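Chain letters run A, B, ... following the sequence lines, proteins first, then strands; residues in each count from 1. Quantities reported herein were computed from a predicted structural model and do not represent experimental measurements.
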Amino acid sequence: MANFDMSAHVRRINRQDRIATAVLVGIAAFVMLMLAAIVIYILVAGAPKLFDLNFLTGKPQQFKEGGGIGPELFNSFYLLILTLLISVPLSLGAAIFLSQYAPDNAATAVAKTAIETLSSLPSVVVGLFGFLFFVLYMGWGFSIIAGAVALTMFNIPILVRVIQQALEDVPRSQRDAGLAMGLTRWETTIHVLLPAAMPAIVTGVVLSAGRVFGEAAALIFTAGQSAPVLDFTCLDFSSPSCPWNVFRPAETLAVHIWKINSEGVVPDLTAISNGTAAVLMVCILAFNILARVIGKYLERRLTSE
Amino acid sequence: MALMAKARVERVGRGVTGACIALVALLVVTLVAMVAGRGIATFTADGIDLGSFLAGTTWNPHQEDANGMPTVGALPMIAGSFSVTLLSTLFALPIAFGSAIFVVEVAPRFGRRVFQPLLELLVGIPSVVYGLIGLTIIVAWVRDAAGAMGQTITGFGIFSSAVVLAIMVLPTITSLSIDALAAVPHEYREGSYALGCTRWQTIWNVVLKSAAPSLMTAVILGMTRAFGEALAVQMVIGNAIQMPSGLFTPASTLTSVLTMGMGNEAMGTVYNDVLWSLALLLLAMSLVFIMIIHLIGHKGAAKRG
């Protein structure tokens, strides 16, 4: 210890600290630059098509230039709405049960494990199961409803986690107060916990909508890869050209990008893919911003009284 | 009377929410059972040897091997899947850990307000869009870089796929690592500072060490995502079903073969059965990943006492 130079040691560790901080700042800057580059590249590359009404509403072409994405755009939103209609109530129920009622037993453990398993399953496996069970076994064929159920399975674990977390983040005292007033657990949940958790739940649902909107692997074998031309005046719910028919095949924007690139026969492939990607990106950005705006708005309204 | 009604509402609420979670659990069990059932048929009904499936290096289901069986060695895809997963994790790890440390230790306010929302956006970008970027930018870069060094390659292959996957798993690993680091009690850091340690010494010797099990979990969840990603990989890996001979030659993964092949083969043929075996393999691997996470969780809990 005699020849230990304390001041040199301090200089050394201080230098290490400065270098480490610089490296960390550099890494974070790199990540943000990369994200900015990706988003800007997609928007710029697709910009010529992004404001082209013929592209946004026209029907896709297989062998010639100038195809549009009208049906795909409609299908993406229709599929999203159906998926949310199925998955939100189901996840809400599951999350309420898990956070309020679930007895500490083997059945609960199995259910929790099932949801955890579902959350880490590759979406292509979910899609293949959808193909096997809903498309073939149930006989629904390649259809919007099969796609919506597959997307529901993909969405449930995300939603259950968000809702459960939101319910558990409500201060314990609020729940106790409700129970002490003689409310049942169900009444406490519906009238006290849910309203308090609503901002977080809505934010979570809208964010998950962004994921569902861009999902493709679970759809190529369930909702299919073809987009029949839609006739919005058609009210025959069994016709494949009726937009609302849930048993018709429906290619979405994300599936469209994948399909035209793997087939590679469209002459203006790059322009169409870039344009479609830009439309997808704009929608995802909108979902992200919307989630934050709605969350903030609800929070203000619910806490101002 | 009112009490009776209350009790009934309570029972109904409990029953309905319980039914939701039971339905979800049932779906997952059905999924595992059906995929396993189809996947096992290759070995039980078609009589293909499990060993030659897992260890065979030639994939050519339309050709018979020496024993008069279809040649269905899945090792090329298994090797491809593991290579892209490991390599992409290797690429993403330093950047993910670095930015997580930045967010938690260096600039928490900026991290929470700006960095984390941006990270959420990165999660939301659809995988086909990443695939498209890989296809149009990364593959071309790799090809040009090799060209500058006098090599002629297509640019498709394990390296390009790993780069695309690294960008895709980066937000997953980063945000879970942020949670892991943020969960380290503040007293640990203060104790270290009180001993005269610099920030970097504190991070390196105290924070990272006590967060190690949760950081492991973050990495494995990232690997799970990389292993199961289908479309983005399929678009950039080149889809040549052969044993990977290098990082820059076209290869394929379990997921890429599934997305390409499933639509083309009729149900019930040996080729189709073998594809389901690949799906089963994919499912089994995700279950293994989940089990590893559980083991780490238990070990971490035991250590903390």
Side-chain angles (χ1 to χ4, degrees), chain A residues 13-14 16-17 20-21 23-25 27-28 30-32 34-35 38 41-42 90 93-94 96-98 101 110-111 114-118 120-125 128-129 132-133 136 153 156 184-186 207 210-211 214-217 220-221 254 257-258 261 270 273 277 280-281 284 287-288, chain B residues 6 9-10 13-14 16-21 23-25 27-31 34-35 38 95 98-99 101-102 106 115 118 120-122 124-129 131-133 135-136 167 170 198-201 221 224 228-231 235 255 258-259 262-263 267 279 282-283 286-287 289-290:
Chain A
I13 60 171
N14 277 333
Q16 262 180 3
D17 188 56
T21 306
V23 170
L24 292 173
V25 170
I27 289 176
F30 170 74
V31 172
M32 286 189 292
M34 189 179 71
L35 171 72
I38 291 174
Y41 170 80
I42 294 168
L90 207 55
I96 290 177
F97 188 84
L98 279 181
Y101 295 112
V110 169
I115 291 182
E116 199 190 333
T117 309
L118 198 53
S120 61
L121 277 187
S123 55
V124 62
V125 170
L128 288 173
F129 166 71
L132 202 56
F133 191 57
L136 296 175
M153 294 186 70
I156 279 177
T184 61
R185 237 185 243 247
W186 178 252
L207 278 179
R211 303 258 197 108
E215 175 56 36
I220 52 181
F221 298 121
I257 297 180
W258 180 75
N261 275 287
T270 319
S273 332
L280 255 182
M281 197 68 227
I284 304 281
F287 282 123
N288 260 271
Chain B
K6 266 190 161 194
V9 170
E10 179 74 14
R14 191 193 164 99
V16 170
T17 55
C20 287
I21 190 127
L23 181 64
V24 174
L27 264 178
V28 177
V29 173
T30 317
L31 183 151
M34 282 189 85
V35 173
R38 300 250 11 149
I95 303 176
S99 33
I101 297 172
F102 172 82
V106 180
F115 197 87
L118 286 180
E120 255 168 53
L121 185 62
L122 207 53
I125 297 178
S127 61
V128 282
V129 173
L132 190 63
I133 291 175
L135 195 64
T136 49
I167 303 174
L170 182 70
T198 61
R199 181 161 71 195
W200 178 245
Q201 283 179 315
L221 277 171
T224 315
E229 175 50 45
L231 301 186
M235 288 166 89
T255 51
L258 274 173
T259 35
M262 197 55 95
M267 270 307 203
L282 203 57
L283 180 69
S286 348
L287 295 180
F289 280 128
I290 298 174

Which atoms of B:Val16 are under 4.5 Å from chain A, going by heavy atoms: the side chain, the backbone, both sets, or neither? neither

Non-hydrogen atoms of chain B under 4.5 Å away: do they reach the side chain of A:Ile220, the backbone, both or neither? side chain

May I ask you to test the B:Thr198-A:Gln16 pair for a side-chain heavy-atom distance under 4.5 Å? no

Heavy-atom distance under 4.5 Å to chain A: side chain of B:Thr30, backbone, both or neither? both

Which bit of B:Ala279 comes within less than 4.5 Å of chain A, counting heavy atoms only: side chain, backbone, both or neither? both

Please rank B:Ile290, B:Leu282, B:Ile101, B:Thr17 by heavy-atom pairs under 4.5 Å with chain A and give me the top one. B:Thr17

Heavy atoms, side chains only, cut-off 4.5 Å: are A:Phe129 and B:Arg38 in contact? no

B:Ile133 versus chain A, the contacting section by heavy-atom distance below 4.5 Å: side chain

Which atoms of A:Val23 are under 4.5 Å from chain B, going by heavy atoms: the side chain, the backbone, both sets, or neither? neither

Part of A:Leu128 lying under 4.5 Å from any heavy atom of chain B: both

Counting only non-hydrogen atoms closer than 4.5 Å, does A:Tyr41 touch chain B with its backbone (N, CA, C, O), its side chain (CB onward), both, or neither? side chain

Find the one option among A:Ile96, A:Thr270, A:Val25, A:Val110 whose heavy-atom pairs under 4.5 Å with chain B are most numerous. A:Val25

So A:Val125 and B:Leu31, do their side chains get closer than 4.5 Å, heavy atoms only? yes

Is it the backbone or the side chain of A:Asn288 that comes under 4.5 Å from a heavy atom of chain B, or both, or neither? side chain

Under 4.5 Å from any heavy atom of chain A, what part of B:Thr259 do you find: side chain, backbone, both or neither? both

Only pairs of heavy atoms separated by less than 4.5 Å count here; which of A:Ile115, A:Leu98, A:Leu35 has the most with chain B? A:Leu35

Under 4.5 Å from a heavy atom of chain B, the part of A:Glu116 involved: both

Answer key: most heavy-atom pairs under 4.5 Å with chain B among A:Ala254, A:Ala20, A:Ala94 is A:Ala94

Counting only heavy atoms closer than 4.5 Å, note whether B:Leu122 contacts chain A via side chain, backbone, both or neither. both

Would you say B:Val24 and A:Met153 make side-chain contact, with heavy atoms under 4.5 Å? no

Identify the two heavy atoms, one from A:Ala111 and one from B:Ile21, that lie closest to each other, and give their separation to 0.1 Å. CB-CG1, 3.7 Å

Could you pull out the closest heavy-atom pair between A:Leu121 and B:Ser286, with the gap in Å? CD2-OG, 4.2 Å

Tell me, side chain or backbone of A:Val31 under 4.5 Å from chain B's heavy atoms, or both, or neither? side chain

CG/B:Leu231 to OG/A:Ser123 distance, rounded to the nearest 0.5 angstrom? 7.0 Å

Examine whether an atom of B:Ile95 lies under 4.5 Å from a heavy atom of chain A, and if so say whether it belongs to the side chain, the backbone or both; otherwise answer neither. both

Close side-chain approach of B:Trp200 to A:Ile13, heavy-atom, < 4.5 Å: no

Shortest non-hydrogen contact between A:Phe221 and B:Met262, atoms and distance: CZ-CB, 3.5 Å

Let's test your reading of the structure: which of B:Val35, B:Val106, B:Val128 forms the most heavy-atom pairs below 4.5 Å with chain A? B:Val128

Relative to chain A, which segment of B:Met235 carries a heavy atom at a distance below 4.5 Å: side chain, backbone, both, or neither? side chain

